[in-house]
There are 2 protein chains.
Amino acid sequence: MGWEGVRDEVLRRIRGRVWAPGDVIPGEEALAVEFGVARATVNRALRDLAEAGLLERRRKAGTRVALLPVRKATLEISIIRQEVEARGEVYGHRVLERRMEAVPLSVALRMGVAAGARLLFLETLHLAGGRPFAHEVRWLNIAVLPGGVVPDFAAVSANEWLVQNVAYATGDIEFSAELATAAEAAALGIRAGDPVFVTERATWTAEAPITFVRLLHGPGYRLRTMV
Amino acid sequence: MGWEGVRDEVLRRIRGRVWAPGDVIPGEEALAVEFGVARATVNRALRDLAEAGLLERRRKAGTRVALLPVRKATLEISIIRQEVEARGEVYGHRVLERRMEAVPLSVALRMGVAAGARLLFLETLHLAGGRPFAHEVRWLNIAVLPGGVVPDFAAVSANEWLVQNVAYATGDIEFSAELATAAEAAALGIRAGDPVFVTERATWTAEAPITFVRLLHGPGYRLRTMV
DNA sequence: CAGGTCCATATGTATATACATAATAGCGCC
DNA sequence: GGCGCTATTATGTATATACATATGGACCTG
């Protein structure tokens, strides 16, 4: 039995309530003897389950079955082109606006730049099969671009270009529901007042903010994942 | 240098473009020699980065820096009580409806039960500080409840009760934006036509469907995570 | 009894070694 | 050239061993 076998058996016992939530399960050494494997193998298996949130491990205290297992849903944040192509549609994008502009306060706070700082403002429409798929508004700190060159993002979307050219360290994402403004509705080909699924994302390198994006998906869009 | 040190150094080289996207990086053995650690330690570090999506590893082919690193955002799906209490507010909930009912077709398809199957229908309002926080509509397959006992969910929400009493194997989650219907708006204390953030979740044991939940959060709600 | 100290203990990490496995690159054959 | 087999090779896993580290609980002290 390999470490996956051990993991599956432990999982089976948790699911089968052989070890109920809150219970301390046998130590690694004991399980290693029982399963006839090395302790390192048991360790690998239990570590995996702990990362998944099903077990809680503490030195000396031992391993216990999580009382309230925190389900961890992993969203794969792919670039929009991949997302569109995964649906079997042809991707395209159009840059609607591209100019230097002072950031509004809300964005400045979110990015951690000085209020009124002048960043590159981009407004883009992502297309799937020629039809509007998502509306993007982005502020970009051109200081972090390698070589100081600012692409026009006509050929490759800012989204994809940044992923490939600027390695980032951290970021956060927020999802919310809003109503489309008239301008947004016009861009997306929907009606003003239709619900839009909003994704807001800010990213930083270790030293400086990179970009803040606000992405709007029209009615019918669903963000989906397995648990 | 421990495995975390190796991971950090490799990460530094990826971020610093010492190893650019697409590049094959040195093998484990070579890195082990360079860093003065055992191969197993390098393996642990690289495996960690591969799980994070920054490296792609294939036997024989070696390890390369991901061309399009798929950012994996991990959403922690906690029970609603925890979410409310994490905001420093007092949690409460009210069961609005509770009856056996034939599932609508959309739910039947989503859960994988026969169309028209009779399941327990629950409508619940989750409160934060006495104010509506989320509106929940749930269909529950009582056949999977241990002992065949059906709680009234007045003391403990179905959400929390199921987490603690029915271990599940798989599930999926979908997020979307919709407009509140008149009934939903009334329950949540918002206006009809306000945007609502919708979370739909279906869960299964290995053998049978457990539940399907549709959760509505009013304007202002944001689902947030770090990347 | 409150509080601090110390020890036993379970997990965490590191190591050398060995073998398993997948997949490529090259060889040989037709 | 094209096809299929094989040898090679990097990663994947397993093992015994050793030591590190956190920490719960016993014990001691005021």
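Every chain is numbered from 1, with letters handed out A, B, ... down the list of sequences.
For B:Asp8 (side chain) and B:Gly5 (main-chain N/O), no donor-acceptor pair under 3.5 Å exists by modelled atom type.
Taking 4.0 angstrom as the limit, A:Thr63 places a side-chain polar atom (N or O) nearer than this to OP1 or OP2 of C:dT11. Proximity of B:Arg57 to the phosphate of D:dG12: a side-chain N or O atom is located under 4.0 Å from OP1 or OP2.
In this entry the distance linking NZ of A:Lys60 with P of D:dG24 reads 9 Å, nearest Å. One atom, CG of A:Leu55, and another, P of C:dG12, lie 11 Å apart when rounded to the nearest Å. For A:Arg58 and D:dG25, the CZ to C1' distance is 13 Å, given to the nearest whole Å. For the pair B:Arg7 CZ and C:dT13 C1', the interatomic distance rounds to 14 Å; values are reported in whole Å. Distance CH2 (A:Trp3) to C1' (C:dA20): 16 Å, rounded to an integer number of Å. The nearest whole Å value for the distance from the CZ atom in A:Arg64 to the P atom in C:dA10 is 13 Å. For the pair B:Glu56 CD and D:dA10 C1', the computed distance is 16 Å after rounding to whole Å.
With sequence neighbours excluded, the residues satisfying salt bridge (Lys or Arg N to Asp or Glu O under 4.0 Å) with B:Glu34 are B:Arg13.
A:Phe133 and A:Tyr91 have their aromatic ring centers separated by at least 6.0 angstrom.
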> Run the salt bridge (charged side-chain N to carboxylate O under 4.0 Å, His left out) check on A:Glu174 and A:Arg110 step by step: do they pass?
Replying inline: CA-CA 11 Å; A:Glu174 288 187 6; A:Arg110 190 79 185 276; 3.6 Å; yes
> Would B:Glu136 and B:His93 satisfy side chain to side chain donor-acceptor pair (under 3.5 Å), going step by step from the backbone distance to the final call?
Replying inline: CA-CA 10 Å; B:Glu136 173 183 317; B:His93 78 281; over 6 Å; no
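B:Arg59 contributes a side-chain N or O that forms a donor-acceptor pair with the base of C:dT21 under 3.5 Å.
Using bins of under 30°, 30° to 60° and over 60° for the plane-to-plane angle, the ring pair B:Trp161/B:Phe153 lands in the perpendicular bin.
Contacts between residues 24-53 of chain A and DNA chain C, defined by a heavy-atom separation under 4.0 Å, are made by A:Gly27, A:Glu28, A:Arg39, A:Asn43.
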